[in-house]
Peer 1: 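My structure is below; once you've seen it, I'll send some questions.
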2 protein chains.
Amino acid sequence: MAHTHDGAHDLTRNQSLVLETLNAQPSPLSAYDILDRLRGAGLRAPLQVYRALDKLVAMGLAHRLESLNAFVACADAQCHRKGLIGFAICENCGRVDEFADEVIETQLGTWADRTGFSIKQTTMEIRGRCALCREAA
Amino acid sequence: MAHTHDGAHDLTRNQSLVLETLNAQPSPLSAYDILDRLRGAGLRAPLQVYRALDKLVAMGLAHRLESLNAFVACADAQCHRKGLIGFAICENCGRVDEFADEVIETQLGTWADRTGFSIKQTTMEIRGRCALCREAA
DNA sequence: ATCTGCTATGTTATGACATTACGGTGTTGC
DNA sequence: GCAACACCGTAATGTCATAACATAGCAGAT
């Protein structure tokens with residue numbers, strides 16, 4: 001691969017297709033949802049989607065939501081956010097908000113130092129009802 | 001059910017079996033792992049385990065780890081901990097530590113207030129390597 | 001006592017998510 | 001050339017979770 005480390009990644013065909021599919025949707029999609037939407041483009045097997053997703057997640061262009069077994073495009077594809085990202089998932093409309101909180105990150109770091117735990121990855125997902133859905137009710 | 005709201009819950013047979021299985025194991029078990037260990041006791045189908053797990057989780061006697069699709073017994077079965085619980089999962093030995101952090105909880109509350117999000121449930125799971133496994137290496 | 005409602009149970013089948021295994025293609029660099 | 005590497009395609013399988021339906025036991029009310 002042509003190693004452009006800074007600007008846009010050059011994505012392969014499958015990766016582009018998957019990322020476009022995610023970007024076209026404000027709420028999370030499962031790998032099989034994505035597959036179904038890409039059958040017209042020639043994709044046939046789950047693995048084609050999962051391979052693309054793995055790369056996109058590694059690049060920070062997409063995120064996996066563990067509590068949903070589903071994926072979303074990164075809200076800010078430019079910024080390759082580092083550190084902790086949290087997700088607020090509305091159970092009514094399905095929309096997902098990303099947030100980053102340094103206090104929480106620091107707090108986790110402190111806990112890790114104190115206990116000797118070395119953090120590789122953090123999952124933080126809150127479920128509930130977003131502001132729009134609350135006032136709609 | 002005999003509505004003892006305070007002391008030990010009275011568990012049904014299946015619930016007891018599942019809870020004992022979880023308690024006998026320091027690391028998480030999948031529902032199917034549990035099922036396999038309980039075939040001798042007469043359990044045959046996943047649903048029997050899932051139903052028991054649902055209740056145990058609702059009672060706070062067990063927890064579901066979303067990033068693992070697996071379950072652990074609550075570390076402190078007495079305390080029916082309320083509020084936010086985090087889990088530190090060692091990817092080497094599989095052991096899981098629970099932690100509760102009020103600062104993080106407050107911080108999430110603040111974020112929710114600010115954005116109008118109403119929190120129903122929070123998942124917080126960190127993956128990495130525990131102190132024991134680090135020094136062993 | 002029987003009817004009703006509730007909870008738990010058991011069983012079969014199926015749905016939903018994810019990976020293993022294998023082989024092929026194209027590019028890069030020696 | 002050809003070895004190393006990343007990506008791609010396909011089939012089969014593995015793992016996690018629920019739907020749908022039928023039954024049993026136990027309360028309280030009539």
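Residue numbering restarts at 1 for every chain, and letters A, B, ... go by the order of the sequence lines.
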Peer 1: Roughly, in whole Å, what's the span from CG in B/N14 to P in C/dT11?
Peer 2: 11 Å

Peer 1: Check this one for me: any side-chain N or O of B/T12 less than 4.0 Å away from OP1 or OP2 of C/dT9?
Peer 2: yes

Peer 1: Rounded to the nearest angstrom, tell me the gap between atom CG in B/D33 and atom P in D/dA17.
Peer 2: 11 Å

Peer 1: What is the distance from CZ of A/R64 to P of C/dC17, rounded to the nearest Å?
Peer 2: 10 Å

Peer 1: Write down the protein N/O and nucleotide N/O pairs, taken from nucleotides 13-15 of chain D, whose separation is under 3.5 Å; answer none if there are no such pairs.
Peer 2:
none

Peer 1: With a 3.5 Å cut-off and sequence neighbours excluded, list the donor-acceptor pairs that the side chains of residues 128-137 of chain B form with protein atoms.
Peer 2:
{"from": "B/R129", "atom 1": "NH1", "to": "B/C133", "atom 2": "O", "distance (Å)": "3.4"}
{"from": "B/R134", "atom 1": "NH1", "to": "A/G116", "atom 2": "O", "distance (Å)": "2.8"}

Peer 1: Which is it for A/T21 and A/D33 under the side-chain contact (heavy atoms from CB on, under 4.5 Å) test, yes or no, and what are the steps along the way?
Peer 2: CA-CA 10 Å; A/T21 305; A/D33 288 340; over 6 Å; no

Peer 1: Any pair with a residue in residues 48-60 of chain B that passes side-chain hydrogen bond (donor to acceptor under 3.5 Å, both in side chains), sequence neighbours left out, goes on the list, sorted by first then second residue, please.
Peer 2: none

Peer 1: B/E66 has an atom CD; how far is it from atom P of C/dC17, in whole Å?
Peer 2: 14 Å

Peer 1: Hydrophobic clusters join Ile, Leu, Val, Met, Phe, Trp and Tyr when side-chain heavy atoms are under 4.5 Å apart, directly or via other members; which others share one with B/V103?
Peer 2: A/V103

Peer 1: Under the side-chain hydrogen bond (donor to acceptor under 3.5 Å, both in side chains) definition, can you give me all pairs with a residue in residues 105-114 of chain B, not counting sequence neighbours?
Peer 2: A/D101-B/Q107

Peer 1: Could you list by number each residue of residues 34-54 of chain B showing a heavy-atom separation from DNA chain C of less than 4.0 Å, or answer none if no residue does?
Peer 2: B/R44, B/A45, B/L47, B/Q48, B/R51

Peer 1: Are the side chains of B/I126 and B/F99 in contact, using a 4.5 Å heavy-atom criterion?
Peer 2: yes

Peer 1: Without hydrogens or angle criteria, can the side chains of B/E125 and B/S67 be said to hold a donor-acceptor pair below 3.5 Å?
Peer 2: yes

Peer 1: Got a donor-acceptor contact below 3.5 angstrom from the A/N23 side chain to the A/E20 backbone?
Peer 2: no

Peer 1: Between B/N69 and B/K55, which has a closest nucleotide on DNA chain C that is more 5'?
Peer 2: B/K55

Peer 1: Expressed in angstrom and rounded to an integer, what is the separation of A/D10 atom CG from D/dA6 atom P?
Peer 2: 14 Å

